[in-house]
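Reckoned from all heavy atoms, side chains included, excluding hydrogens, waters and symmetry mates. Quick note: residue numbers are just sequence positions, from 1.
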Amino acid sequence: MNQIVSEKTSQVKELLNELKIDLWLTFVRETSAAMDPVLPLIYGDSDLTWQSALLFSKDGYRCAIVGRFEVETAENTGAFDRVIPYDESLEPILLEELKQINPGQIAVNISNDDVLADGLSHGMYLNLVEILKDSPFKTRIISAEKIIRFLRGRKTKTELARIKRAIETTLKIYELTFPKIQAGMREIDVAELMHAEVERLGLGYAWPKANNPAVNTGPNSPVGHNAPTDLIIEPGHLLHFDFGVREKDYCADIQRMVYVRRPGETTLPDAVKKGFDTVVKAIEAAFSSIKPGVTGIEVDRAARRVVTEAGYPEYKYATGHQLGRLAHDGGGLLGPDWPRYRELPFMPVEKGQVYTLEPGLMVPGHGYVGIEEDILVTEDGAEFLSPPQKELIIID
């Protein structure tokens, strides 16, 4: 049995009872084309072709209703007490299972806020409504958003070990890359050095290779989710990286900063030092504010205040996001009260969640300063999952 599936499906009963939800239904079809994001946690890496229903009840009963040709695959997940095959129609079997369970609520994978809890397609929702139309269950549908948010967010022992391994590998590739950087190289040249290491190790990327790593040299490089360019690394430039590998299905997401020293320079320019130190302090402020029960908006304010009080414009993105199977792993966000984030910044931080901390600012004439650390929320605070960057890496 897939270890992650074993650990995550074992969490479901506890979550349903905590949330007082009788039944969770994941309803899918042709998942090779339209994968519900929660499936790797509760079913593994295999596809489901025909309409399929995965049911988890709060008393611990687990049932999979699948097409006849996928029965063995469903059984091999080890996640279900009962696997029921069908040929012509799933409808009578699903209705009979619902009749036996008689749930007061049926949580399905729909969400206004969390993309990773919104895996039920509109067409499949309409199919489900059609199946339930003449039953007492038609009015019992609710959102499974909280189930999925907690399931993804509360990392298991195996998940944490895999995230830590991805972080270690990411940092190792940084360490191998920095000594090779020279003024006169292009951003894309440096990215190719890092790609070569990822490929040598046979690993994946935490987000698409085209802009992983992001490499930004000097004040004219476009910062964000952009690919490295032909811009030349020059003395006096700040060199910014955003990079993460995907190892055993789990991701790292770490930003690091380099300064390319001018000939004869023995100290950092004041503007560069102030900008770097401000970002370090913003991360420290966010880190110090984190503990279970604090909302994401409170953590974001702590970091954002350090940046603006130092005289810089506020950065136009969230201070941090959850990290796991994806670099942006859904659930609560360490972000501001902006309409685009809807309710995500108001969700409380929880023990076992892994977040990034990534404030940033622009230093005129030198470039962007952005540091990103990965942290684990603990019982009474947080811990860094790797040594945080406190000093600029200097290249002569």
Side-chain angles (χ1 to χ4, degrees), residues 37 111-118 145 148-149 152-153 155 163 167 206-208 211-212 214 216 222-226 240-244 251-257 275 278-310 312-350 352-362 368-377 382 384-385 388-389:
S111 173
N112 287 333
D113 298 310
D114 187 351
V115 64
L116 296 180
D118 196 33
E145 178 184 308
I148 296 171
R149 185 202 317 162
R152 291 193 78 99
K155 300 297 189 291
I163 291 170
I167 291 170
W207 58 93
N211 61 319
N212 184 1
N216 305 105
V223 177
H225 302 153
N226 299 298
H240 164 256
F241 292 85
D242 191 354
F243 174 60
C251 298
D253 187 2
I254 296 174
Q255 294 177 43
R256 287 293 178 258
M257 289 302 310
T278 298
V279 172
V280 169
K281 290 174 183 176
I283 289 174
E284 291 172 344
F287 180 81
S288 297
S289 72
I290 288 179
K291 61 181 178 180
V294 170
T295 61
I297 196 169
E298 294 174 88
V299 179
D300 179 83
R301 283 173 181 161
R304 199 170 295 272
R305 186 182 304 116
V306 172
V307 172
T308 57
E309 288 183 353
Y312 299 97
E314 65 173 318
Y315 42 95
K316 297 302 182 182
Y317 56 86
T319 295
H321 52 79
Q322 290 197 52
L323 178 70
R325 291 186 69 90
L326 300 174
H328 291 189
D329 209 41
L333 188 75
L334 310 180
D337 182 12
W338 294 348
R340 77 172 190 240
Y341 292 138
R342 296 182 57 84
E343 295 302 310
L344 297 179
F346 298 94
M347 295 177 183
V349 168
E350 284 200 319
Q353 293 175 330
V354 175
Y355 281 97
T356 66
L357 300 177
E358 50 181 303
L361 55 87
M362 187 64 71
Y368 180 74
V369 178
I371 306 170
E372 182 174 19
E373 310 293 355
D374 300 338
I375 62 102
L376 170 67
V377 182
F384 287 104
L385 294 177
Q389 183 176 7

Candidate pair Asn226 and Asn216, rule side chain to side chain contact (heavy atoms under 4.5 Å, CB included), full reasoning: CA-CA 9 Å; Asn226 299 298; Asn216 305 105; 5.8 Å; no

Thr295 vs Asp300, side chain to side chain contact (heavy atoms under 4.5 Å, CB included): CA-CA, chis, key distance, verdict: CA-CA 9 Å; Thr295 61; Asp300 179 83; over 6 Å; no

Salt bridge present between Asp113 and Arg149 (N-O < 4.0 angstrom):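 No, this pair does not count.
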
Check ion pair Arg304-Glu309 (N to O, under 4.0 angstrom):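 Looking at Arg304 and Glu309, the cut-off is not met.
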
Whether Trp338 and Tyr341 hold their rings parallel, tilted or perpendicular, with breakpoints at 30° and 60°: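 It falls in the parallel class, under 30°.
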
Mutual orientation of the aromatic rings belonging to Tyr368 and His240 [parallel < 30°, tilted 30-60°, perpendicular > 60°]: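 Tyr368 vs His240 ring planes: perpendicular.
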
Of all the heavy-atom pairs spanning [X] and [Y], show the shortest one and how long it is.
{"X": "Arg340", "Y": "Tyr317", "answer": "NH2-CA, 3.6 Å"}
{"X": "Asn212", "Y": "Ala206", "answer": "ND2-N, 3.4 Å"}
{"X": "Ala286", "Y": "Leu357", "answer": "CB-CD2, 4.0 Å"}
{"X": "Pro345", "Y": "Pro336", "answer": "CG-O, 3.2 Å"}
{"X": "Val307", "Y": "Thr278", "answer": "CA-CG2, 4.0 Å"}
{"X": "Ala327", "Y": "Trp207", "answer": "CB-CE3, 3.8 Å"}

Keeping [X] on the side-chain end and [Y] on the backbone end, is there a donor-acceptor pair under 3.5 Å?
{"X": "Tyr355", "Y": "Thr319", "result": "no"}
{"X": "Glu350", "Y": "Gly153", "result": "no"}
{"X": "Thr356", "Y": "His321", "result": "yes"}
{"X": "Asp374", "Y": "Asp253", "result": "yes"}

Side chain to side chain contact (heavy atoms under 4.5 Å, CB included) assessment of Ile163 paired with Leu376: CA-CA 10 Å; Ile163 291 170; Leu376 170 67; over 6 Å; no

Between [atom1] of [X] and [atom2] of [Y], what distance do you get to the nearest 0.5 Å?
{"X": "Asp242", "Y": "Ile371", "atom1": "CG", "atom2": "CD1", "answer": "12.5 Å"}
{"X": "Glu343", "Y": "Leu333", "atom1": "CD", "atom2": "CG", "answer": "12.0 Å"}
{"X": "Glu284", "Y": "Glu373", "atom1": "CD", "atom2": "CD", "answer": "10.0 Å"}
{"X": "Gln353", "Y": "Lys155", "atom1": "CD", "atom2": "NZ", "answer": "7.0 Å"}
{"X": "Arg342", "Y": "Asp337", "atom1": "CZ", "atom2": "CG", "answer": "12.0 Å"}

Test side chain to side chain contact (heavy atoms under 4.5 Å, CB included) applied to Arg152 and Asp114, step by step: CA-CA 11 Å; Arg152 291 193 78 99; Asp114 187 351; 5.9 Å; no

Side-chain contact, heavy-atom cut-off 4.5 Å: [X] with [Y]?
{"X": "Glu358", "Y": "Gln255", "value": "yes"}
{"X": "Phe384", "Y": "Ile283", "value": "yes"}
{"X": "Met362", "Y": "Val223", "value": "yes"}
{"X": "Leu116", "Y": "Leu326", "value": "yes"}

Test item: side-chain donor near acceptor, Ser111 and Asp118, under 3.5 Å: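 On atom types as modelled, these side chains do not qualify, holding no pair under 3.5 Å.
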
